[in-house]
Amino acid sequence: MNDQQTTLHIEGMTCTSCASAVERSLKTLDFVREAQVNFAGKKAVVRYSPDAQGTDPEALQAVFFKAIKDAGYEPVDPATKRAQAQSRLRIEAYRMIGAWIITAPLMVSMLLMMLWHIHIIPMSIEPWVNLIGSGIVIFLVGWPVIHTTFLNFRHLNFTMDALIGIGTLAAFATGLLRIGGAEVIDFTAIGAMIMAIHLVGNYIKVKATGRASQAIQALLELGAKDARIVGADGSTSMVGVDQLKVGDIIRVLPGEKIPMDGTVIAGSTAVDESMITGEPVPRDRNEGDSVVGATVNQMGSIDVQVTTTGEESFLNQIVQMVEEAQNTRVPIQDFADSITRIFVPAIMVLAVLTFVAWMVFPVQGVALLTSVEGFLPWVDGGRTPVSQALAAAIAVLVIACPCALGLATPTALMVGMGKAAELGILIRNGEAIQSAKDLDAVVFDKTGTLTQGRPALSDWVVAPDVDENDFFQLVAGLESKSEHPLAKALVDALLDKHVIPVDFAHSQVIPGKGIEGMLEERSGSNSAPVRVGRLSWLEEEGVAIHPDIRERGELWASQGRTLVFAAHGSKLLGLAALSDPVKTDSVEAIDLLHRLGIQTIMLTGDNALAARHIADQAGIDRVFAELLPQDKITKVQELQAQGLSVAMVGDGINDAPALKQAQVGIAIGTGTDIAIESADITLMSGSVTGAAKSILLSRTSFGTIKGNLAWAFGYNVIAIPLAMLGMLHPVMAEIAMALSSITVVMNSLLLRGRIEKNLLNHESK
């Protein structure tokens, strides 16, 4: 049986070390092939072989849940995940408040005693008050931290909580030793302060990382809550969208959200689809057209037949895709995670070495601390070496911050990918963000990517002594009798010009040549037929071609345009040229890429002259024309062999291999499913400006990731030696540790604004 994949939702993780612990626990299951746990997304993606365990869903879920609980964390039902996330935020708030209600009086008492030798608690009971109060904060309010610490030692998987747990336990132990008669400073109140500050940090991180996924929350909230269902008798009634079934008919009034994906079966309207495409211009929707749930009906009343519901709906699929992308890893994260895995054990070793060093060299230590006594009010040269050694060791334990290091990448990824989704850019994996920042060249398919992918009337010329309107009316009337796509495109263009087609008595399609017909008022035996089609056919029928029109036709043909000649009998009426026009935003996209310092290349099967004409219109740097479908992947490989990092932008089945070959594959969302599935990035709007925006977004996001990592590394490089030297009070160390993690998260949240600013700056140049 093939490997299967499941997503597990988890609560209780406070840092990426926690995520690593869950990951290792899941990987201990024999049938698990791979497990990736994302702290910011609070979920695990597990690939497993059901052969070894069986396929009973409940049994599998029970095994996975047990592995998560064994690591010290809580599995969550996805149906209630968001409600539980809110509940967890409330619980963290209660813990934080409860801890400070007890800790604040202990802290005030300790500070008054240290600074002014004022005892507000009688000295005879002060050790007991500190011990009991701190015990409540550490073992009751902060029990999740202590419980995780015990589990860490049991499984030898150490997380950030282990450092806090050991630090607070060590501080609490000094109170027990003091009551037992040992000559040590009582750090129990400091243990309570460390735990209380840690809980403040936890609350802020839970709240902030929840905000990091606000794009997903916003997408989910876009959906309609109710639907107006149409009964068999034509009556309507309101029902919840969760009650809709495939085949139901729903009526959507102007200004209302379309409740679910479906097909318009009655009425016409314009629909605001900006929530899925990022494009503000409404799109016309008529009978037979598909509509997407959560988009807004702006004009007429329409009846829609539901085609998908629930998890299969377009909105839910987009949400799932973005969530899966946010849960993926980028190469730079592997480096950070490799450090995090050894960080906590290393800090524990350093704390032990710090304690031993201060015990062995107490004189030097006292001299150092006395010199900065104003900064360290708890230090007293007469205090015992054990107290000083404990203070320094506890500071080392709580100052260390693999949490900030682990948060640096996933929080920025969540914000960046969420913002991309708002812009109609779906990033399928995190690696694409890292790869896109280093791109040197963007390769475009032509048809349907740079061009609209459908023919349109581009130019025309009429013969001397022929009225242009007569020419248009005759062509429109005759071509309306044909089913050929070019004929339909020509008729649509002429109807847009408000041309009134002429009626024909009868018509006949001549395969490979064109169409001919007899005018209604000239259906007698002597009337001449009207013909519309190829030049060679008209010449066969004796039509004389005016030299200027022939020359014009040759020029247009060299530019890749399709020529349609029209004649009445032997008299030439004129020439119409159809082409696949360049998208209006292609020029803007190419210009933006050039400003980003990226080379642009076009690959096409068209002839060289036609390809160069389109490339010049769009502003493309280099063109490779007359390529077979298999040549595209070869050309991408050649560019890569030249040392270029290449992105491929395409929309067709023949583009799929090249999309896979390129460092970054970008599919036009209006293209084929195969192309979209082969790509790393999908542009939902069909606008190639999304390709340039993707690269700019990548560079901005990765800049934030590098900034976060630099902050986290720099912080630890500076802070840990200071703690080892005894220059940081344990409480100050814990405050600094919490602020470091919060700074990284907040910096990631500011990424949204940076992306918007950079896009605005580049688009306005």
Inspect the surroundings of CG in Leu495 and state if more than 12 heavy atoms from other residues, nucleotides or ligands are less than 6.0 Å away. yes

Kindly indicate, with the supporting measurements, whether the criterion salt bridge (Lys or Arg N to Asp or Glu O under 4.0 Å) is fulfilled by Arg228 and Glu256. CA-CA 10 Å; Arg228 184 178 290 99; Glu256 293 183 344; 2.9 Å; yes

Could you pull out all residues at least two apart from [X] that satisfy side-chain contact (heavy atoms from CB on, under 4.5 Å)?
X	answer
Thr263	Thr307
Thr600	Phe444, Ile590, Leu593, His594, Ile620, Asp621
Lys635	Leu603, Phe624, Glu638

Are Leu627 and Thr604 close enough, and set up right, to give a side chain to side chain contact (heavy atoms under 4.5 Å, CB included), and what steps lead you there? CA-CA 6 Å; Leu627 300 176; Thr604 179; over 6 Å; no

How about Leu244 and Pro259: do any of their side-chain heavy atoms sit closer than 4.5 Å? yes

Would you mind reporting whether Val649 and Asp445 have side-chain heavy atoms less than 4.5 Å apart? no

To the nearest 0.5 Å, what is the distance between OG1 (Thr269) and CD1 (Ile302)? 5.5 Å

Rounded to the nearest 0.5 Å, what separation is found between the CD atom of Glu23 and the CD1 atom of Ile10? 10.0 Å

Determine whether the aromatic ring centres of Phe31 and Phe64 lie less than 6.0 Å apart. yes

If only atom types and distance count, is the side chain of Asn297 paired as donor or acceptor with the main-chain N or O of Val271 below 3.5 Å? no

Any sub-3.5 Å donor-acceptor pair from Ser458's side-chain atoms to Ala577's backbone N or O? yes

Does a side-chain N-to-carboxylate-O contact under 4.0 Å join Lys419 and Glu756? yes

